Protein chains: 4
Amino acid sequence: MVVAIVRIKATDASVAFTMQQTRARDRHRRILDAALRVFSRRGYRDASVDDIAGESRTSKGGVYFHFPGKEAIFLALLERTATRLLEKIEESIAFHDDPIAKADAALLTVLRTFARHRALARVFMLEALGAGRDFHQRMAEIRNEFTAVIQRHLAQAVQQGVIEPIDTEIAGRVWFGALNEVIINWVLSGRPERLEDAYAALRPLLMRSVGVAVQPHRPAEEL
Amino acid sequence: MVVAIVRIKATDASVAFTMQQTRARDRHRRILDAALRVFSRRGYRDASVDDIAGESRTSKGGVYFHFPGKEAIFLALLERTATRLLEKIEESIAFHDDPIAKADAALLTVLRTFARHRALARVFMLEALGAGRDFHQRMAEIRNEFTAVIQRHLAQAVQQGVIEPIDTEIAGRVWFGALNEVIINWVLSGRPERLEDAYAALRPLLMRSVGVAVQPHRPAEEL
Amino acid sequence: MVVAIVRIKATDASVAFTMQQTRARDRHRRILDAALRVFSRRGYRDASVDDIAGESRTSKGGVYFHFPGKEAIFLALLERTATRLLEKIEESIAFHDDPIAKADAALLTVLRTFARHRALARVFMLEALGAGRDFHQRMAEIRNEFTAVIQRHLAQAVQQGVIEPIDTEIAGRVWFGALNEVIINWVLSGRPERLEDAYAALRPLLMRSVGVAVQPHRPAEEL
Amino acid sequence: MVVAIVRIKATDASVAFTMQQTRARDRHRRILDAALRVFSRRGYRDASVDDIAGESRTSKGGVYFHFPGKEAIFLALLERTATRLLEKIEESIAFHDDPIAKADAALLTVLRTFARHRALARVFMLEALGAGRDFHQRMAEIRNEFTAVIQRHLAQAVQQGVIEPIDTEIAGRVWFGALNEVIINWVLSGRPERLEDAYAALRPLLMRSVGVAVQPHRPAEEL
DNA sequence: GATGAATGAGACTTCATTCAT
DNA sequence: CATGAATGAAGTCTCATTCAT
């Protein structure tokens, strides 16, 4: 039996592995962030993987190490955005008990999030449509996820007797469509300057549509 | 250089000229029709000028004789669709005096038109937004034109005292957004089977949103 | 009824069509010729479509207009070579009545053809093996075509009683393999300097293998 | 820098060293074995170092530790195959005294070896020639080594008066070429099912080609 | 006016090789 | 010694657009 004294570098295998993993995850995120900027700036069609590589301070090959291709990057971006936004929405909803307050919180969260990330809004709402037929399917699913959230809470409101019985599915779709339109209009025209400001005018319409009586012009700040 | 003597059936130079014009306009239309099919089938991005040429029984050169390029074809298609649809809407509106009836007529016209032309719906509502930054300006304008029509008639309704005073601009946008969402959902999922059937559920929500009292479940056929 | 005098350009549609076709066929051939040179010089693997385009005084796109891809170019080259060589062989065979003379003529034709076109020999015998698994199948077929020619004539010789009954299939394969080896060796080593010279030594072995008595060292020139 | 005390099971430093060597040699062999499978499956061109690394349960870096590059792996594989095969041939030859028996033994050894290792046959006979110009030099040498073995023993047979004087060099090449062709045909077509069975038909032709009288249809089993 | 061969910029992608850990 | 993330050169292919015929 030999007893040997061995020097182990601080960068022991397991540590090195973790560091590599950390750096890799970092790069992964950097690529997605860069992709968001590039897609937003040039559109899906005109964005090149080279652009993304440059913007993320990586090489083209590096990008392809982390993602199978341009489409996959876009899809990953879409998924990340949708997941995060849905999480934010659920968080903001959880704060409130009153179904109406929940609805307000959810809608405002969406508007405020996109307001702070116009590039995200552009990519999520516009470029996603031009990324090819394959994305339409996924986009439809994402639309449905959002619509479902609205519908679920409207149904709850009905159950609690806060609003009259309505077709919550179509109501969810109407709310989503309205919100969608306001955001797209803001992305395309830049108006209103602050996207959240649209809510003051949007709210009464949505509320009334599901039978909630409202006074016009209740300012968004009070919510 | 060969000199040939040819008999032309036309009895008049100007007529011949007119025939040429007619043929040119024919081809122009054929190209647009083909473009619609191709864009609907493959999306703007993946549609090639070759596809359009083939589908319109012309050559690539022929397409380029009639249009400066791929973008111009798409834009012309957009314009034609928008113009025709707006015309149809105005026609259907002119039939009625009651502002509410006008609104119903307008919305149903849109749904019925797209119901008959799903390819048109796909291109106009999905591809147009995702076709790239060059189209965003024009798309914003087109969306505004439609919103403006709704808004104008809502404003009239307010003026006539049929509905309470509301922010008609945002109302127009909400109506447009809701309609848009219903149509897109139909294009992507095929539901409801008959797009017009969506109106029965959609109507009460829209009406209530602008303060018109409605009984739920009023079937679309009665409108 | 109008009678018009029209000038028809010498480049009338049908003529232009023919000229275009002619030029296209020309370009097609030029690309194949260039491909032969490039494949021979750099090997299939290292030959780029750019190289072929440059060598054929065309653009990359031009090459892709005439061929679906690099593999197709190579395949076309292979087919053309095989077809031409088989034709030459059949021609040379048709000159003679004596089965033995036919065999001599065929073998010498192959050697002489490749002797004049070493690049062709290199591409046909070596590069064809490195062009990917898909080509192996086609190469096997081509090998069989050549083997079949030999076999057919050996069988005829047996039938005419010129040689004793033998397994002509394996004999065809032996002859083909021997010839193949001599040519590959010449391509790889450059020996013998004149490929045809190999025949003087090769002939007695092949002849004896099928039971034809020969005097050694019958010079090729006498054939 | 961390200092650790480790117990090593080995009782002797030199033994540990030897173990390292053994492990290295093991990995070296594993890589070559994996390379054979990969090259056989995908061809030299389409085989990637990643494939080889994966197949040999190593990492890409590991492969590059043992070999300078992809070409070197292929070359090493070629050398190993050639060396082993030549050794086997010499062994089998050494068993016999009669030159004809020696020849039979040699040819059968080749057929039997490849029959058991079709992947080896594919790589050695097909891929090696098509792997690119860099290998041609070495392949020419390897082919010559095999041809030389045949030639040497044929020359001996001539010297011993067993066969008439012939050009043994070309005879060696014919034998090699014939064998080569039979094996390639088997690799590509799978016929005959048992490669060794080809010898029964091949043998009389080869023997006659060098002036050895044979009765047709002497079955391989008697050899 | 029509045709389709030709152009060429630019896209995506692969992969042998390197090297920090 | 091993690992695998990263590099970047090079390749194949697409397609909007042009233009001689």
Side-chain angles (χ1 to χ4, degrees), chain A residues 9-28 45-51 53 58-71, chain B residues 20 23-24 27 45-53 58-71 73, chain C residues 9-28 45-51 53 58-71, chain D residues 20 23-24 27 45-53 58-71 73:
Chain A
K9 275 207 210 147
T11 53
D12 170 42
S14 68
V15 175
F17 185 60
T18 299
M19 281 197 61
Q20 263 196 345
Q21 266 199 337
T22 303
R23 279 185 34 159
R25 218 172 293 151
D26 235 53
R27 181 79 49 115
H28 189 96
R45 201 171 82 98
D46 294 334
S48 76
V49 175
D50 250 331
D51 293 334
T58 323
S59 63
K60 217 186 317 200
V63 172
Y64 275 94
F65 181 80
H66 286 284
F67 295 93
K70 184 178 162 182
E71 290 204 352
Chain B
Q20 267 193 343
R23 274 198 6 197
R27 169 125 356 158
R45 193 172 81 100
D46 295 332
S48 76
V49 176
D50 249 329
D51 292 333
I52 298 172
T58 325
S59 63
K60 222 188 315 204
V63 172
Y64 274 91
F65 180 79
H66 286 284
F67 295 92
K70 185 180 165 185
E71 291 197 359
I73 299 174
Chain C
K9 277 209 208 141
T11 54
D12 172 41
S14 68
V15 175
F17 185 62
T18 299
M19 282 198 62
Q20 263 196 344
Q21 268 199 336
T22 304
R23 280 188 28 162
R25 218 171 294 152
D26 235 53
R27 180 77 50 113
H28 189 97
R45 200 170 84 98
D46 294 333
S48 76
V49 175
D50 252 331
D51 293 334
T58 325
S59 62
K60 215 187 317 197
V63 173
Y64 275 94
F65 182 81
H66 286 283
F67 294 92
K70 184 179 162 182
E71 291 204 352
Chain D
Q20 267 193 344
R23 271 194 13 193
R27 170 121 356 156
R45 194 172 80 99
D46 295 332
S48 75
V49 176
D50 249 329
D51 292 333
I52 298 172
T58 324
S59 64
K60 220 185 318 199
V63 172
Y64 274 92
F65 179 80
H66 287 283
F67 294 93
K70 185 178 163 184
E71 291 197 357
I73 299 174

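Keep in mind it's a predicted model, so treat the numbers as computed, not measured.
- D/Ile73 has its CD1 atom 12 Å from the C1' atom of E/dT17, to the nearest Å.
- Residue D/Gly69 is classed as a sugar-phosphate contact, given heavy-atom separations below 4.0 Å to backbone atoms only.
- Look at CZ on C/Arg25: it is 15 Å from P on E/dG4, rounded to the nearest Å.
- Side-chain nitrogen and oxygen atoms of C/Arg27 include none within less than 4.0 Å of the OP1 or OP2 phosphate oxygen of E/dA5.
- Candidate nucleotides E/dT13, F/dG11, E/dT3 were compared by shortest atom distance to the side chain of B/Ser59, and E/dT3 ranks first.
- Base pairing analysis places E/dA16 opposite F/dT7; the two distances defining the Watson-Crick or G-U wobble pair are each below 3.5 Å.
- As rounded to whole Å, 12 Å separates atom P of E/dC15 from atom CD1 of D/Ile52.
- Along DNA chain F, the nucleotide nearest to C/Asp51 and the one nearest to A/His66 differ in position, and the one closer to the 5' end is contacted by A/His66.
- One interatomic measurement links the two molecules: CZ of D/Phe67 to P of F/dA2, which rounds to 12 Å at whole-angstrom precision.
- Below the 3.5 angstrom threshold, one finds no donor paired with an acceptor across the side chain of C/Lys60 and the base of E/dT7.
- Listed nucleotides E/dA2, F/dT14, F/dA16 differ in distance to B/Phe65; the shortest reach to its side chain belongs to E/dA2.
- The structure places CZ of A/Phe65 at 11.0 Å from OG of A/Ser59, a figure rounded to the nearest 0.5 Å.
- Among all heavy-atom pairs drawn from D/Thr58 and D/Val63, the shortest one is CG2-N, 4.3 Å.
- Toward the 5′ end of DNA chain E lies the nearest nucleotide of C/Ala24, the other residue of the pair A/Ser48 and C/Ala24 mapping further downstream.
- B/Gly61 comes within contact range of at least one nucleobase, with a heavy-atom separation under 4.0 Å.
- Comparing A/Val63 and C/Glu71, the nucleotide of DNA chain F nearest to each residue sits closer to the 5' end for A/Val63.
- Interatomic distance, NZ of D/Lys60 versus CG of D/Asp51, reported as 10.0 Å (0.5 Å rounding).
- Nearest nucleotide to the C/Tyr64 side chain, out of E/dT13, F/dT14, F/dT18: F/dT14.
- The base-pairing partner of F/dT12, taking Watson-Crick or G-U wobble contacts with both distances under 3.5 Å, is E/dA11.
- Side-chain contact between D/Tyr64 and D/Val49 is present, with heavy atoms from C-beta onward closer than 4.5 Å.
- Contact annotation for B/Arg45: no contact, since no heavy-atom pair falls under 4.0 Å across all strands.
- Of the two residues near DNA chain E, D/Val49 and A/Asp50, the one whose nearest nucleotide lies more 5' is A/Asp50.
- Considering only the side chain of D/Thr58, F/dT3 comes nearest among F/dT3, F/dT18, E/dA16.
- At the heavy-atom level, A/Ala47 lies under 4.0 Å from the strands shown only through sugar-phosphate atoms.
- As rounded to whole Å, 13 Å separates atom P of E/dA16 from atom CG of C/Asp46.
- Here C/Lys70 contributes atom NZ and C/Asp50 contributes atom CG; the two are 11.0 Å apart, rounded to the nearest 0.5 Å.
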